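Each remark here refers to the structure printed beneath this line.
Keep in mind that this is a model prediction, so the values were computed, not measured. Index from 1, following the sequence.
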Amino acid sequence: SDSSLEVHNCSSARSRVTMAPPSTFNVNVGILGHVDSGKTSLARALSTMLSTASLDKHPQSAERGITLDLGFSGFTVPTPDDLKASLKSDFLQFTLVDCPGHASLIRTIIGGAQIIDLMMLVVDVTKGIQTQTAECLVVGEILTQHMVVVLNKVDMLPEATRAEKIEKMKKRLALTLHGTKFSGCDMVAVSARPGGAVSMEPTDDISKAIGMDTLVTKLLERVPRVPRCLDGPFLFAVDHCFSIKGQGTVLTGTVLQGSVEVNQTVEVAHLKVEKKVKSMQMFHKSVPRAQKGDRLGICVTQLDAKLIERGLLAEPRSVPTIDGAIAAVDKIRFFKGAVKSKARFHVTIGHTTVMASVVFFGIPLDDAAGPVPQISIEERVKGFSFDRQYAYTPELHAP
């Protein structure tokens, strides 16, 4: 068998803890891939901490045998010495965002991908790139800079030819990724659940999982080397909401910007209702404060949980309600259809999707010396000015 594969055991660097230690830097890792590639089994094999929404707890997920909603779980490892000084933390907490793989749930996938720091693209090693694998790759190109490819189900390959088949698949995937931003990214061969998942029920028997320690090592290499910028007003993406009798309403999600503390006043953006933060928890552990990047449950009182399933919590009056916006956009190069001005499109921000009519405009050709230079969306946003003239563009073309 491949010498790079090892059997996961209890001596792993991922000590089995039930809650995040006090000095912790959180990293959100999206798990994306084609339906039935083993994403949830991978999350189960890695996780030592489970949230209220993890491992397909949605009733229909168990019934249908596929992931239907975002799932959140995690594990904690000691911070490597080369990161301790810059991140100022003793432990790294990896929050795993298990995204659905079915094509009809692409908006849920996009909502999950917008909160991640890095991405694991899970590929069934016996099948290679499939339809939703490619779609998830497109989403990843838009929303993250870092990716690790996980070749799952290697136990399904004959042991005598396993190493050879894995190398062939790595070469095929390398060719596919060559024209993307992820060219040359790490690929790790694993088997999250040797023998296959006979049911969706959680199990403690993950000792046979193959390749987990190598995968964790590759994730550690992709952790941001600089602390997060905490500038800007508090902004929190809510992905689940439920009530607890005698406590209040709990909104779970990810801090997108700024920080939040107990007793701070926050606003439910779409309701324009202000509430005081009663308490907060990270994976069932009470915390007084949270910051950008943290996975969190926020408890408030006197809020009907039925009024908010997904949305935004924010610093009061920091998120306006709008009926129009100017945005820097690119056409996805894999999309072959026409993207014309005055057409109607679904626009998704966080977990909210609305219909909108779009009109495209750009720098007049007369103002550009020669061909229009290709500049990033970030540079276009910074360079936009209401004092400058822009030309109407009847159709958006790929860069």
Side-chain angles (χ1 to χ4, degrees), residues 17-30 43 47-58 69-76 91-99 108 111-112 114-117 202 228 230 233-271 273-315 319 350-352:
V17 293
T18 57
M19 57 184 67
S23 177
T24 304
F25 184 87
N26 186 67
V27 181
N28 296 302
V29 182
S47 297
T48 60
M49 303 177 294
L50 305 180
S51 74
T52 54
S54 63
L55 304 184
D56 288 338
K57 287 186 177 179
H58 192 292
D69 203 353
L70 299 175
F72 296 89
S73 57
F75 64 91
T76 301
F91 292 87
L92 291 176
Q93 176 177 283
F94 287 90
T95 295
L96 305 176
V97 186
D98 181 14
C99 297
T108 303
Q114 289 185 78
I115 62 175
I116 65 175
D117 300 302
R228 301 184 194 277
L230 303 182
F234 169 65
L235 187 63
F236 181 79
V238 179
D239 48 60
H240 294 91
C241 182
F242 55 91
S243 59
I244 299 179
K245 189 174 181 179
Q247 295 295 320
T249 297
V250 176
L251 304 102
T252 64
T254 304
V255 183
L256 301 179
Q257 180 178 279
S259 60
V260 62
E261 298 179 353
V262 172
N263 294 323
Q264 181 174 327
T265 298
V266 296
E267 180 181 64
V268 183
H270 73 284
L271 298 178
V273 172
E274 295 184 12
K275 295 292 177 182
K276 185 171 287 189
V277 176
K278 178 182 177 183
S279 61
M280 303 190 299
Q281 287 190 355
M282 293 185 192
F283 287 105
H284 310 293
K285 181 188 176 184
S286 296
V287 293
R289 184 178 185 275
Q291 63 185 37
K292 180 179 178 179
D294 286 338
R295 172 75 190 167
L296 189 66
I298 296 177
C299 182
V300 301
T301 58
Q302 298 181 332
L303 176 66
D304 187 351
K306 295 178 182 178
L307 296 177
I308 174 171
E309 181 180 4
R310 289 182 169 155
L312 294 171
L313 276 187
E315 186 174 304
V319 177
H351 298 292
T352 302

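- We find the CD1-CZ distance between Ile115 and Phe236 to be 9.5 Å, quoted to the nearest 0.5 Å.
- Taking all atoms of both residues into account, the shortest heavy-atom contact from Gln281 to His284 is OE1-CA, 3.3 Å.
- Of all the heavy atoms in Leu96 and Ser47, the pair that sits closest is CD1-OG, 3.5 Å.
- Residues Phe234 and Val266 share a closest heavy-atom pair of CE2-CG1, 3.7 Å.
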Check step by step if side chain to side chain contact (heavy atoms under 4.5 Å, CB included) holds for His270 and Leu312. CA-CA 7 Å; His270 73 284; Leu312 294 171; over 6 Å; no
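- Residue Gln93 holds its CD atom at 10.0 Å from CZ of Phe75, rounded to the nearest 0.5 Å.
- You'll find the side chain of Met280 reaches within 4.5 Å of the side chain of Val262, heavy atoms only.
- Closest of all the heavy-atom pairs between Thr95 and Phe283 is OG1-CE1, 3.6 Å.
- Considering only residues two or more places apart in sequence or on other chains, Phe25 meets the ring pair (Phe, Tyr, Trp, His ring centres under 6.0 Å) condition with none of them.
- Between Lys276 and Asn263 there is a side-chain heavy-atom pair separated by less than 4.5 Å.
- Considering every non-hydrogen atom in both Asp239 and Gly253, the closest pair reads OD2-CA, 3.4 Å.
- With sequence neighbours excluded, the residues forming a side-chain contact (heavy atoms from CB on, under 4.5 Å) with Ser243 are Thr249, Ala305, listed by chain and number.
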Chi angles and distances behind the side chain to side chain contact (heavy atoms under 4.5 Å, CB included) call for Ile298, Gln264: CA-CA 11 Å; Ile298 296 177; Gln264 181 174 327; over 6 Å; no
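- Side-chain N or O atoms of Asn28 include none that pairs as donor or acceptor with a backbone N or O of Asp117 at under 3.5 Å.
- Put simply, NZ on Lys285 and CE on Met49 are 10.5 Å apart, with the number rounded to the nearest 0.5 Å.
- Rounding to the nearest 0.5 Å gives a distance of 8.0 Å between OG1 of Thr254 and CG of Asn26.
- The aromatic rings of His240 and Phe72 sit perpendicular, their planes meeting at an angle over 60°, well past the 30° parallel limit.
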Residue pair Val268, Val300: steps toward the side chain to side chain contact (heavy atoms under 4.5 Å, CB included) verdict: CA-CA 11 Å; Val268 183; Val300 301; over 6 Å; no
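- Residue Met282 holds its CE atom at 13.0 Å from OG1 of Thr252, rounded to the nearest 0.5 Å.
- Minimum heavy-atom separation, Val255 to Leu296: CG2-CD2, 4.2 Å.
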Does the side chain to side chain contact (heavy atoms under 4.5 Å, CB included) test come out yes or no for Arg310 and Val238, once each step is laid out? CA-CA 5 Å; Arg310 289 182 169 155; Val238 179; 5.6 Å; no
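- Between Leu235 and Pro233, the closest side-chain pair of non-hydrogen atoms is not below 4.5 Å.
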Side-chain donor-acceptor contacts of residues 286-294 below 3.5 Å, not counting sequence neighbours, with atom names and distances?
unit_1, atom_1, unit_2, atom_2, d
Arg289, NH1, Gln291, OE1, 3.4
Arg289, NH2, Ser259, OG, 3.3
Asp294, OD2, Gln291, N, 2.9

